[in-house]
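Remarks on the structure that follows.
Whatever order the structure lists ligands and atoms in, that order sets their numbers, starting from 1.
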Amino acid sequence: MTLHAQTRPTLNLVRLPNGAGIDLPAYETSGAAGMDLRAAVEAGQPLVLSPGKRALVPTGFIFEVPAGYEAQIRPRSGLAFKNGITCLNSPGTIDSDYRGEVKVLLINLGDADFVIERGMRIAQMVIAPVTQVSVRETADTSETARGAGGFGSTGV
Ligand SMILES: O=c1ccn([C@H]2C[C@H](O)[C@@H](COP(=O)(O)OP(=O)(O)OP(=O)(O)O)O2)c(=O)[nH]1
Ligand SMILES: [Mg+2]
């Protein structure tokens, strides 16, 4: 089901000079969680990512993430599966008070050069609500059945 447009928060964005002609971030299907982001590398000067290398890829936009939300930059599964391309800091966090260009930190975990052309869809961005908490130091915690068990404590 498509979230009705009137109930959607608005993502204001500013196009930077290097973003000229780049498609706006968009949901590729009606129920998509993420909007695809495109590489704003220079036309005719593709970025070649060799195996094991990483690069900060510009998107050409400043996003004004609404207060109370964050933007998560996540890999595209197709690029990950076919080419070993992923976001090194996945999910990347775009703060609602960030006013710089959004960039995508890609790494090539595959075994071949990966060529990033201008306009290529390199990652996806999910807008998600966040909660900020007040921090209070206490002497002890409440007791639970789990206690300090973790990291496989419940078995396989
Ligand atoms: O994939 C990313 C991750 C972050 N950012 C931008 C937006 C974000 O709001 C800012 C800071 O990101 P983060 O908090 O993850 O990085 P940091 O290393 O903690 O830097 P800072 O000290 O600036 O917070 O950098 C991006 O453009 N792309
Ligand atoms: Mg930070």
Which N or O atoms of ligand 1 sit under 3.5 Å from a protein N or O, and how far apart is each pair?
{"unit_1": "ligand 1", "atom_1": "1 (O)", "unit_2": "N89", "atom_2": "ND2", "d": "3.0"}
{"unit_1": "ligand 1", "atom_1": "9 (O)", "unit_2": "D95", "atom_2": "N", "d": "3.0"}
{"unit_1": "ligand 1", "atom_1": "9 (O)", "unit_2": "D95", "atom_2": "OD2", "d": "2.6"}
{"unit_1": "ligand 1", "atom_1": "27 (O)", "unit_2": "K103", "atom_2": "N", "d": "3.1"}
{"unit_1": "ligand 1", "atom_1": "28 (N)", "unit_2": "K103", "atom_2": "O", "d": "2.7"}

Legend entry - Enclosure of D111 CG (heavy-atom neighbours >12, cutoff 6.0 Å): no
Inset, instruction - Determine whether I73 and V130 fall in the same hydrophobic cluster, where Ile, Leu, Val, Met, Phe, Trp and Tyr are linked whenever their side-chain heavy atoms lie under 4.5 Å apart. - result: no
Legend entry - Side chains of N18 and E101, donor plus acceptor under 3.5 Å: yes
Legend entry - Exam field: side chain D36 to backbone Q124, donor-acceptor pair closer than 3.5 Å: no
Legend entry - Sidechain N-carboxylate O distance under 4.0 Å for E64, R99: yes
Legend entry - Validation row: M35, L11 side chains within 4.5 angstrom (heavy atoms): yes
